[in-house]
Amino acid sequence: MSTSKQQPLLEVRNLRVEFPTRRGSLIAVDGVSMEIAPGEVLGVVGESGAGKSMTGNAVIGLLPSPGRVESGEILLEGERIDNLPYEQMRKIRGKRIGAIFQDPLTSLNPLYTVGEQLVETIQTHLDLSEKGAKDRAVDLLEEVGIPSARERIDHYPHQFSGGMRQRVVIALALCAEPRLIIADEPTTALDVSIQAQIITLIKKLCREHGTAVMLVTHDMGVIAETADRVAVMYAGRIAEIGPVAEVVKNANHPYTHGLMGSIPKVGHEVERLTQIDGSMPRLTEIPTGCAFNPRCTEKGPRCMVERPILEPVENSFVACWKFDPEGTGA
Amino acid sequence: MTEPLVKAKGIARYFDVSPPLLNRLIEGSKRQVVKAVDGVDFEIERGQTLSLVGESGCGKSTIARLVVGLYEPTGGSIEFEGVDLTALDNRKEEAKLRGRMQMIFQDPYASLNPRWRVQDIVAEPIRHKKMFDTRAEVTSRVGELLSQVGLSPADGEKYPHEFSGGQRQRISIARALASNPEFLVCDEPTSALDVSVQAQILNLMKDLQRKFGLTYLFISHDLAVVDHVSDRIGVMYLGRICELADTRELFSNPRHPYSRFLLDAIPDLDMTGKQRIPVAGEVPSPINPPSGCTFHPRCPFANDRCKSEQPELRDVDGTQVACHGVEENRLEPTG
Amino acid sequence: QAKELKFAFQGTLTSWDPYRLNETFTLGTMGNVYEGLIHRKPNMVIEPGLAVSWEIMEPTRWRFHLRKGVKFHNGNDFNADDVVFSATRVRAEGSDLKTRISADTKAIKVDDYTVDFVSDNPNPIIFSEWGTWNIIDKEWATANNAVTPQNVGGTEENYLTRHANGTGPFIMVSHEAGVKTTFKPNPNYWGKKQHNLTSVTYTPIGQDATRVAALLSGQVNMAYPVPVQDQARVNAASNASVLIGPELRTIFIGMDQFRDELLHSSVKGKNPLKDKRVREAVFHAIDIKAIQKKVMRNLSEPSSLMIAPSLTPISKDHYPRRAFDPAKSKSLLAAAGYPNGFEIGLDCPNDRYVNDEAICTAASAMLAKVGIKVKLLAQPKAKFFPKVLAPNLDYSMYLLGWTPGSLEAGNVLRDLFYCPRASKGEALWAKESRNKVGKGKFNIGGYCNPALDALTDKILSETNMKMRDEMITKAMGITVDDAAYVPLHQQALAWGVAKGVHVKQRGDNVFDWRYVMID
Amino acid sequence: MTAAARTVEGGGIDMNFISRTQDTLHRFLDGDVWYSFTQSRITIVAAIVTIILVGASVLAPFISIHDPFNPVNLNLMDSFTPPVWSEDGRWAFPLGSDDQGRDLYSTILYGSRLSLFIGFASVAFSMSLGVSLGLIAGYLGGSVDAFIMRVADIQISFPGILIALLIDGLARALLPGESHDEVMVYVLILAIGLSQWVNFARTVRGSTMVERNKEYVQAARVIGVSRLFIMVRHIMPNVMGPVLVIATISLAVAILSEAALSFLGVGVPPTQPSLGTLIRIGQDFLFSGEWWIVIFPGMTLAALVLAVNLLGDWLRDALNPKLR
Amino acid sequence: MIALIIRRSYQSVVVMLVVALLAFTMFRYVGDPVSMMVGQDTSLEQREAMRVSLGLKDPVPVQFARFVMNTAQGEFGISYQLGRPVAEILSERVPATLELSLVAALFAMLVGIPMGVYTALHPQKWLSKAFLTISLVGISLPTFLIGILLILFFGVLLNWLPTFGRGEVVMLGGWSTGFLSGSGVKSLLMPAFTLGMFQLTLIMRLVRSEMMEVLLTDYIKFARARGLSNKAVNFGHALKNTLVPVITITGLQIGNIVAFATITESVFQWPGVGLMFIQAIGLVDIPIMSAYLVLVALFFVIINLIVDILYHVVDPRLRVDGSGAHG
Ligand SMILES: Nc1ncnc2c1ncn2[C@@H]1O[C@H](COP(=O)(O)OP(=O)(O)OP(=O)(O)O)[C@@H](O)[C@H]1O
Ligand SMILES: Nc1ncnc2c1ncn2[C@@H]1O[C@H](COP(=O)(O)OP(=O)(O)OP(=O)(O)O)[C@@H](O)[C@H]1O
Ligand SMILES: [Mg+2]
Ligand SMILES: [Mg+2]
């Protein structure tokens with residue numbers, strides 16, 4: 001699928017994440033497949049509840065209970081990691097896969113200094129002395145752009161501002177130089193100006209360390225700027241995945257198309273924004289066929305009964321019968 | 001030009017966040033005051049939309065609350081149809097005027113009482129103002145309002161948690177419309193919503209404005225959204241307005257350095273390859289604002305005057321800007 | 001070999017000043033360390049104590065010959081000065097034993113070992129309560145600045161509160177009030193040693209269950225009182241048994257007979273209890289056998305008199321008790337004009353006598369059956385006594401117990417039956433002079449029979465014992481006839497004693513260690 | 001569900017009402033709280049035990065053998081009858097009789113009734129006091145809040161049981177003797193209630209301060225409704241979740257406090273014993289072999305308190321959305 | 001911090017005054033001390049004279065003022081019953097209560113906290129459920145009954161443990177301790193268990209619910225995402241954060257332990273201040289009762305202060321040092 005020939009760093013195949021509830025199973029992620037190459041930024045976008053975070057959580061093996069990977073495979077550098085025992089998976093987390101979560105305010109333990117949390121993480125994964133770990137912590141803080149890091153390392157999280165805290169969180173994710181970073185909405189809680197700083201930082205890391213990033217967000221702007229490729233998720237499924245320019249500018253899937261149209265753009269004078277009527281179905285009430293069919297303006301009879309599969313369309317892959325060669329779509 | 005519907009003159013709101021007296025005495029800490037809003041002027045014409053943008057903590061919500069009367073202003077006045085609301089001591093009169101303005105809040109999850117049925121939520125202003133005599137009338141009005149915002153009258157039986165975020169925001173709007181207001185204050189009404197839902201709400205708001213001739217004070221941190229909805233825009237920084245201009249003018253020709261930064265920070269969806277220039281530094285603490293122009297620590301054009309003297313909002317070609325640099329004409333032109 | 005007596009008692013020994021508190025346990029324990037001029041044997045018979053003999057010189061002058069060669073625990077000699085000193089001190093400010101010697105009695109030292117007691121009126125039983133009037137060493141008390149018993153409300157601690165220096169067979173070693181008090185035998189005791197103890201330890205244990213458990217688990221080898229219901233359990237245990245004996249205290253129900261309208265009753269404008277028939281009805285309603293069997297578990301002796309028969313010349317069956325007869329009770333009530341009964345209050349202590357509250361509850365149920373609806377108010381003695389006793393007299397019926405301090409009937413006739421008035425011609429319990437009532441001050445029901453008063457006056461000054469006995473018999477007959485009170489029973493003593501420990505039980509519940517033998 | 005079904009069969013009632021009740025019932029049965037209830041076997045047992053005990057004590061006059069609080073019914077000679085299954089047992093006293101000849105089974109029913117009454121009433125009292133003060137303090141803030149919270153601080157700086165003792169002592173002293181027995185129950189309610197209001201007030205104040213800043217409250221303020229209306233109709237329903245949990249726990253504590261107070265001699269009069277008083281009296285007979293006098297009331301009390309606590313536990317978890 | 005202490009102290013003074021007033025008011029009514037101080041033969045006139053000399057006849061404000069003045073100087077007067085300075089008696093009795101409360105509190109914490117942690121970490125295991133249910137059974141019976149049942153079982157039937165008292169005590173300076181003798185330690189077991197049981201249950205449940213909340217927080221999730229070991233996450237992060245609220249409640253509970261000691265002490269005839277208080281109530285020994293109440297209030301106040309300080313030590317957010325905030 002990927003245009004690159006080398007072995008993908010992360011490969012997700014047919015991932016299905018379920019939450020058993022009393023009213024039957026809730027399928028949060030349904031048959032998702034994707035790959036990320038080293039140094040690549042894969043953006044994952046979609047509405048709230050589309051299953052973006054659960055995909056990311058499944059990769060680092062931290063699905064909130066009672067969620068579980070029902071089927072599918074997750075491979076990191078060709079090695080299967082979705083079925084590892086807890087202790088082995090723990091050793092991968094932080095070491096080979098780093099994670100950044102949405103809210104920098106709550107991601108740090110308020111009772112420990114930033115330094116303590118860094119040193120603790122470094123020592124978990126790297127064989128360093130207390131002092132070595134501390135030096136590395138200072139380096140990391142400097143790297144993510146925290147001025148006078150040597151002093152600030154002994155401060156508590158509440159003594160940092162939001163943007164600084166998010167940088168600390170990134171530093172923590174970088175402790176052991178992981179090959180892959182799962183960044184779940186790393187900028188949503190931040191102001192626009194700081195958002196730009198963080199995005200720049202992430203991009204710099206990819207460039208300089210060759211780290212691959214799975215960037216989960218619902219902000220198309222951030223994706224457009226940062227990602228190489230983008231996956232659009234809808235109701236637990238991937239609607240479209242492809243190079244960012246193509247998806248943003250030339251959306252193929254009706255949902256992506258609508259999504260792009262609904263984003264107000266500076267300088268584009270429109271009286272009304274494109275609007276997708278209705279809302280994403282609850283995951284317990286996904287209609288048969290294409291999950292998007294109740295809102296789709298181009299749906300055909302097949303969309304109501306049969307679930308579309310990802311098919312290549314130009315440089316992307318799109319899950320829509322519209323592009324089915326048999327032409328049973330619209 | 002007719003008289004503006006809403007007019008704020010030098011409104012200010014300070015919050016005392018000092019530690020308790022005893023701590024001040026012993027630890028020698030001083031009184032601390034957050035100047036959340038510090039002397040803001042604006043006018044809104046009937047049927048128009050004024051937007052306020054700015055980063056978190058710059059005082060946007062505080063202004064919204066001042067306008068609808070949730071906060072008492074520390075200084076300045078707010079006029080509605082020429083009547084100074086802050087000076088009014090006839091409570092009935094004030095209630096009557098206040099009834100003509102309503103507010104829509106940011107968080108669709110917190111702005112509806114989870115224990116009330118939707119029909120009761122929407123009917124609350126109606127019941128409070130005793131606008132109808134019979135139950136049936138109230139019910140039918142509620143149904144009408146729900147239809148107006150794109151919900152079904154039958155939804156009134158349900159509780160808020162049975163609705164999605166976008167639907168809830170519609171309920172909020174229905175409630176706000178219930179008392180037939182002329183002026184709506186919208187405090188980030190879409191920032192908690194997905195873009196696709198945001199489009200629905202923004203479209204709805206525009207439709208309603210057209211239909212009822214509503215006047216909006218619209219608050220957001222998203223310049224693209226603001227661009228879409230507003231006639232005029234005020235850019236705020238640390239409790240003050242640093243630039244107030246017509247929408248088109250602001251976007252084509254931002255004058256204040258901070259406005260320029262904000263425009264630069266808009267993510268580039270069109271992939272023109274334009275690099276975002278991150279603004280250096282962070283928003284300073286409103287407890288200890290920098291001296292002079294509060295933006296000077298982050299401003300590349302700052303000089304000594306900026307560090308010591310606070311700029312006033314001045315008219316520059318129909319736009320109001322508070323910047324020494326613009327006044328002195330020493331800023332690089334944009335574009 | 002150590003022979004340790006470890007005993008537990010319900011109450012606390014608060015002070016070691018012998019005159020501080022007129023209370024049985026305190027004085028009884030004190031009696032093992034201190035001694036009076038006389039001593040009571042286990043059967044209560046008086047024997048010489050620090051006095052070897054006494055005689056009546058003239059009706060108002062008694063002469064006491066003191067024992068020679070007796071030493072206090074600190075080594076001081078015992079002599080007449082100590083007796084005279086003690087006679088003064090016992091009547092001094094702060095003493096709770098002022099009545100031991102009447103105010104008009106003078107103690108006069110005749111020689112070092114002879115003391116005369118001279119009073120204005122003849123007193124045939126002058127020394128009957130002297131078993132608990134302990135003699136204090138004059139030099140020691142003076143040296144320690146304790147010539148009077150502790151000054152209540154003062155701020156200084158009285159030296160005698162925690163120090164004891166008697167002539168008795170045991171020496172107090174340590175005292176932690178409310179925790180533990182330890183003793184050792186007095187090696188220089190003048191008398192014959194009848195015990196084989198090497199030490200004595202006393203622990204107060206307030207909770208019944210804990211006390212019994214302490215005995216059963218062997219942590220103490222004597223504990224009293226044993227709750228009546230636990231006697232079977234203790235007897236069944238392999239290591240202890242209950243020693244039972246009659247006690248001298250009489251438990252009775254008193255009734256308001258002086259007010260014109262009862263305080264806590266549905267009857268308004270009159271006082272039904274003034275009517276003898278009503279008092280008899282109350283009497284007949286009480287099933288004393290049931291109380292004896294169920295509440296007291298047979299550890300009581302139903303009584304027809306207000307005094308234990310053993311303290312009187314009257315034989316046990318001389319005055320039979322009014323029978324339990326609800327039918328008769330009802331008809332008496334009807335005859336008195338209360339065919340449907342009435343409502344009345346009953347005040348009761350709940351921590352004073354054996355199963356006091358249970359007795360009251362049972363009595364309430366029995367009275368209810370004949371139509372007297374009782375509103376029972378059972379409270380701790382701290383609140384019960386001030387409410388019921390003079391000057392408040394706030395009750396309409398009450399339960400009380402009485403042991404005559406002198407252990408004979410004169411005291412009962414004087415305190416419980418004499419018309420309670422401060423001076424002749426005044427109303428009974430006249431409000432303004434309640435505090436001045438002398439004779440009859442515990443006759444709180446206000447029973448009054450002038451004929452009985454006259455007889456009582458004679459008894460109190462009669463020195464001819466035979467005539468006195470006859471008069472007592474007659475007087476008691478009057479009280480029975482008038483149904484002045486409803487006597488219930490004499491409660492029994494129940495001491496829990498470990499196997500191998502032999503004690504002698506005294507009828508007044510005094511534990512005299514002189515006679516304790518441990519195998 | 002069966003209840004609703006029966007109502008429908010009954011017919012003749014306003015159909016609208018039925019459908020609404022049905023609707024509410026259906027919503028409830030469909031709700032998460034009910035679901036979590038059905039999932040926890042121990043909670044179901046606890047609920048059944050509670051219902052049985054509460055039901056039995058409410059129905060005490062109808063299902064008891066005699067009224068043990070009426071002395072006419074007592075016969076001292078019946079006392080200490082062992083339970084019916086032992087050798088000397090009698091059918092008139094299925095669980096045996098106590099030291100006054102009261103049928104233990106009936107006495108337990110009446111005693112539970114009293115204990116539950118004291119428990120419920122004192123919780124109702126402390127709850128209304130605590131919730132109102134908490135709402136006022138949390139909503140108005142400022143000096144009102146400071147004052148109420150200082151009072152609460154003082155109150156909490158002193159053990160509840162001692163507060164109860166103090167109030168009890170005061171009331172006993174101030175009230176005339178006759179009215180004692182009648183009012184004693186209310187004095188206990190007051191005493192126990194007063195020692196618990198702070199829990200409610202603090203919780204409600206905390207939640208109120210959170211709710212006060214929520215936008216639905218501000219929306220109501222913008223509409224212009226009165227403060228009282230906001231407190232009572234808007235905020236109160238939203239802060240009642242934790243209150244309910246505290247109330248259950250408080251109920252258990254109140255019932256036990258009454259028992260503890262009775263041990264210290266300040267409980268209800270022994271002629272009308274509560275469960276606690278029964279146990280206090282009964283423990284005198286533990287050594288003497290009349291175990292049933294303390295064991296049966298003890299078991300009833302334990303079952304009651306345990307069941308209520310378990311319900312409270314479950315409620316705490318069920319109402320906490322985060323733990324669901 | 002100093003401000004905190006000062007504020008606390010001044011609040012404490014208010015608390016103490018209110019307690020004093022309450023205690024004082026109540027004692028006017030608990031009964032007649034004089035009738036408890038004398039035998040039944042004492043005449044009414046003598047009784048009246050005693051009331052006067054005890055100051056019971058003075059106007060109430062005068063009595064209160066005297067009471068507060070004396071109390072402030074640590075002068076509680078002379079016990080009516082024991083005839084000794086109350087302060088002295090208290091100082092003899094306090095060690096017993098403190099040792100008992102300390103052991104009970106330690107027992108409650110050292111057992112309760114691990115149990116709470118276990119039940120929070122393994123909510124589904126049967127052992128957790130057993131802990132939760134069994135501990136509830138323990139608090140569903142009145143304390144006094146538990147005590148008596150323990151005595152009956154371990155004291156009388158098995159004869160393993162002493163049924164009452166403190167056993168052998170050793171004097172260390174002015175402090176009598178039961179820790180240093182075998183019988184002293186044995187005597188402690190049952191009372192401490194009885195007293196600690198209730199608090200244990202409370203602490204366990206508190207720790208459990210707080211910990212379960214903490215385990216759901218983002219920083220725990222993030223700690224796991226950093227690959228920290230379970231031990232580091234559960235104990236280093238979750239438990240420490242749990243302890244912040246636990247400290248407050250536990251502090252108050254320790255105060256309650258001292259208060260509840262009255263019942264336990266009277267069941268086990270434990271010679272502490274609680275037992276003394278109960279005895280004093282029965283005997284209307286007003287100086288002892290007031291001193292006890294003031295002592296308990298003081299205890300609460302001190303514990304509250306310690307808790308506040310601990311709180312500040314544990315939670316850096318409460319430390320006002322101002323440095324670096326809002327960088
Ligand atoms: N603990 C849970 N129990 C049940 N369902 C859950 C749980 N956590 C998540 N889900 C469901 O999984 C679905 C996917 O959630 P996910 O967090 O991946 O969405 P998302 O795309 O990240 O949304 P957002 O933008 O709001 O973060 C959601 O619909 C949600 O309802
Ligand atoms: N009640 C209050 N007490 C003290 N400070 C306050 C209060 N309300 C607001 N502030 C302070 O006033 C400043 C302005 O707050 P405001 O909520 O108006 O900002 P905002 O622009 O709406 O930010 P956001 O985008 O985060 O909503 C902030 O620094 C805030 O901390
Ligand atoms: Mg997400
Ligand atoms: Mg805001």
Side-chain angles (χ1 to χ4, degrees), chain C residues 207-209 211-213 215-216 226-234 236-237 263-265 286-287 289-295 297 343 345 347-348 350-351 355 357-380 382-383 387-388 394-396, chain D residues 66-81 97-102 107 165 168-184 262-273 277-291 293-294:
Chain C
Q207 294 294 323
D208 286 342
R211 192 165 56 251
V212 173
L215 177 67
L216 294 179
V226 171
V228 291
Q229 63 271 13
D230 290 339
Q231 60 162 319
R233 172 74 176 83
V234 174
L263 287 181
H264 310 282
S265 168
I286 304 281
D287 183 356
K289 284 268 155 48
I291 292 180
Q292 182 189 25
K293 178 159 191 274
K294 290 294 188 172
V295 179
R297 309 242 178 173
E343 229 176 76
D347 276 280
C348 193
N350 62 13
D351 57 354
N355 288 350
E357 186 176 304
I359 295 170
C360 287
T361 313
S364 306
M366 292 164 181
L367 288 168
K369 291 212 176 67
V370 300
I372 303 178
K373 279 192 227 49
V374 170
K375 284 183 294 177
L376 174 61
L377 176 58
Q379 20 179 19
K383 308 195 73 178
K387 178 172 188 267
V388 166
D394 177 15
Y395 67 90
S396 47
Chain D
H66 63 221
D67 174 1
F69 289 3
N70 185 349
V72 177
N73 292 331
L74 306 186
N75 194 339
L76 191 55
M77 292 313 283
D78 293 335
S79 58
F80 302 114
T81 311
S97 70
D98 75 354
D99 63 324
Q100 290 291 339
R102 282 181 280 245
T107 316
L165 266 178
D168 185 272
L170 213 60
R172 276 173 195 267
L174 297 180
L175 293 166
E178 295 99 291
S179 46
H180 241 120
D181 287 9
E182 294 98 87
V183 296
M184 212 47 240
S262 94
F263 176 75
L264 297 179
V266 291
V268 293
T271 42
Q272 309 200 342
T277 310
L278 264 180
I279 293 171
R280 197 249 306 163
I281 297 171
Q283 54 112 348
D284 286 343
F285 304 101
L286 246 182
F287 286 122
S288 56
E290 282 111 3
W291 52 269
I293 306 181
V294 66

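The figures that follow rest on heavy atoms only: side chains count, while hydrogens, waters and symmetry mates do not. Convention: sequence-line order gives letters A, B, ...; per-chain numbering from 1.
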Counting only non-hydrogen atoms closer than 4.5 Å, does [X] touch chain D with its backbone (N, CA, C, O), its side chain (CB onward), both, or neither?
{"X": "C:Gln231", "result": "neither"}
{"X": "C:Ala232", "result": "neither"}
{"X": "C:Lys294", "result": "both"}

For residues 358-368 of chain C, run the donor-acceptor check on the side chains, cut-off 3.5 Å, and write out each pair with its distance to 0.1 Å, sequence neighbours left out.
residue	atom	partner	partner atom	Å
C:Thr361	OG1	C:Glu357	O	2.7
C:Ser364	OG	C:Cys360	O	2.7

Select, from C:Ala213, C:Ala290, C:Pro227, the one with the greatest count of heavy-atom pairs under 4.5 Å involving chain D.
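Result: the option with the highest number of such pairs is C:Ala290.
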Chain D contacts, top residue of C:Lys373, C:Gln229, C:Arg233 (heavy-atom pairs, under 4.5 Å)
C:Gln229
Looking at D:Asp99, D:Leu76, D:Asp284, which one has more heavy-atom pairs under 4.5 Å with chain C than the rest?
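Option with the greatest count: D:Leu76.
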Only counting residues at least two apart or in another chain, list the ones meeting side chain to side chain donor-acceptor pair (under 3.5 Å) with C:Gln292.
none
